[in-house]
Amino acid sequence: KGNIVTWAHGCGIIFECIKAAKGHHLDIGTNLGGTAILAYRALDPSFRVYTIDPFPKEGKYSWDQPAIQDVFDNLKLLAPTAVWKSSYAELPPDLRFATAYIDGSHYFEEITKDWQFCVERVDNYIILDDCCEKFLDVMRFVYEVAQHQGGWRLVHLGGITAVFKRIHP
């Protein structure tokens with residue numbers, strides 16, 4: 001029901017990072033479920049996709065999108081073991097992730113909060129979406145992290161997708 005896909009230009013690199021990392025995946029800003037479904041398809045069945053999005057309980061997510069129940073129905077059908085949460089506080093405190101995909105708020109302060117959460121819980125890749133001129137705060141954040149964040153290296157910047165890999169000593 002409705003639109004469930006993500007943008008094609010980032011799918012390959014996102015899929016490959018998630019598949020190579022071999023662990024649970026965190027999807028921040030699930031929206032229509034496209035990257036959560038992509039992650040589910042990339043993962044070994046022993047791992048799960050965890051999604052964070054403060055969806056309203058019913059109705060439409062926004063005026064031009066499907067009903068919330070349609071999004072949940074799609075996730076249940078296409079990523080049946082995905083676990084949806086509305087905030088970080090709902091995740092088990094000791095849960096680690098191999099990868100994370102950040103596509104939540106596009107404001108610098110909110111991206112920083114998402115990043116800080118991921119840095120503490122993600123072992124391999126953090127992927128950011130919407131690194132483009134339309135979202136200048138995302139671009140600024142990516143460039144600042146690439147220059148100043150120890151322990152992470154920018155390994156891909158193409159289309160609107162930025163991928164950081166944890167540097168293991």
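Every heavy atom of this structure was used, including side-chain atoms; hydrogens, water molecules and symmetry mates were not. Just so it is clear, the model here is predicted, and its values are computed rather than measured.
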> Okay, side chain of R41, backbone of A36: is any donor-acceptor separation there less than 3.5 Å?
no
> Taking all non-hydrogen atoms of both residues, which atom of S105 and which atom of I111 are closest, and how far apart?
O-CG1, 3.5 Å
> Between atom CG of D114 and atom CD1 of I28, what is the distance when rounded to the nearest 0.5 Å?
4.5 Å
> Are the side chain of H25 and the backbone of F47 linked by a donor-acceptor contact shorter than 3.5 Å?
no
> From I127 CD1 over to L26 CG, what is the distance, rounded to the nearest 0.5 angstrom?
11.0 Å
> Should we say atom CZ of R96 is surrounded by more than 12 heavy atoms from elsewhere, each under 6.0 Å from it?
yes
> Salt bridge or not between K19 and E16? Use side-chain N to carboxylate O under 4.0 Å.
no
> Taking all atoms of both residues into account, what is the closest heavy-atom pair of I52 and S87, and its distance?
CD1-O, 3.5 Å
> For a quick test of reading the model, state the closest non-hydrogen atom pair linking L95 to R121 and the distance between them.
O-NE, 2.7 Å
> Determine, stepwise, if the pair V145 / L154 fulfils side-chain contact (heavy atoms from CB on, under 4.5 Å).
CA-CA 8 Å; V145 168; L154 181 64; over 6 Å; no
> For the atom pair CZ (F117) and CD1 (I126), what is the distance rounded to the nearest 0.5 Å?
10.5 Å
> Apply the side chain to side chain donor-acceptor pair (under 3.5 Å) test between T35 and each candidate in D129, T51, D27; give the one that qualifies.
D27
> So, does R153 use its side chain to make a donor-acceptor pair with the main chain of I167 at under 3.5 Å?
no
> Looking at CD1 of I160 and CG of L128, how far apart are the two atoms once the value is rounded to the nearest 0.5 Å?
11.0 Å
> What is the distance from atom SG of C131 to atom NE2 of H106, rounded to the nearest 0.5 Å?
10.5 Å
> Can you list every pair that meets side-chain hydrogen bond (donor to acceptor under 3.5 Å, both in side chains) and has a residue in residues 141-150, with sequence neighbours left out?
W115-Q149, R140-E144
> Taking atom CD as the centre, does E133 end up with more than 12 heavy-atom neighbours from other residues, nucleotides or ligands that are less than 6.0 angstrom away?
no
> Can you name the nearest heavy-atom pair linking K165 to V155, along with the distance?
CB-CG1, 3.8 Å
> Please identify each residue that fulfils side-chain contact (heavy atoms from CB on, under 4.5 Å) with A21, with sequence neighbours left out.
A98, T99, N124, Y125
> Heavy atoms only: give me the nearest Y101-I14 pair and the separation to one decimal.
CE1-CD1, 3.5 Å
> Say whether, by atom type as modelled, one donor and one acceptor occur between the side chain of D137 and the main chain of Y107 under 3.5 angstrom.
no
> Side chains of K22 and D44, heavy atoms from C-beta outward: is any pair under 4.5 Å?
no
> Rounded to the nearest 0.5 Å, what's the gap from CZ on F97 to CZ on R48? Could you check?
12.0 Å
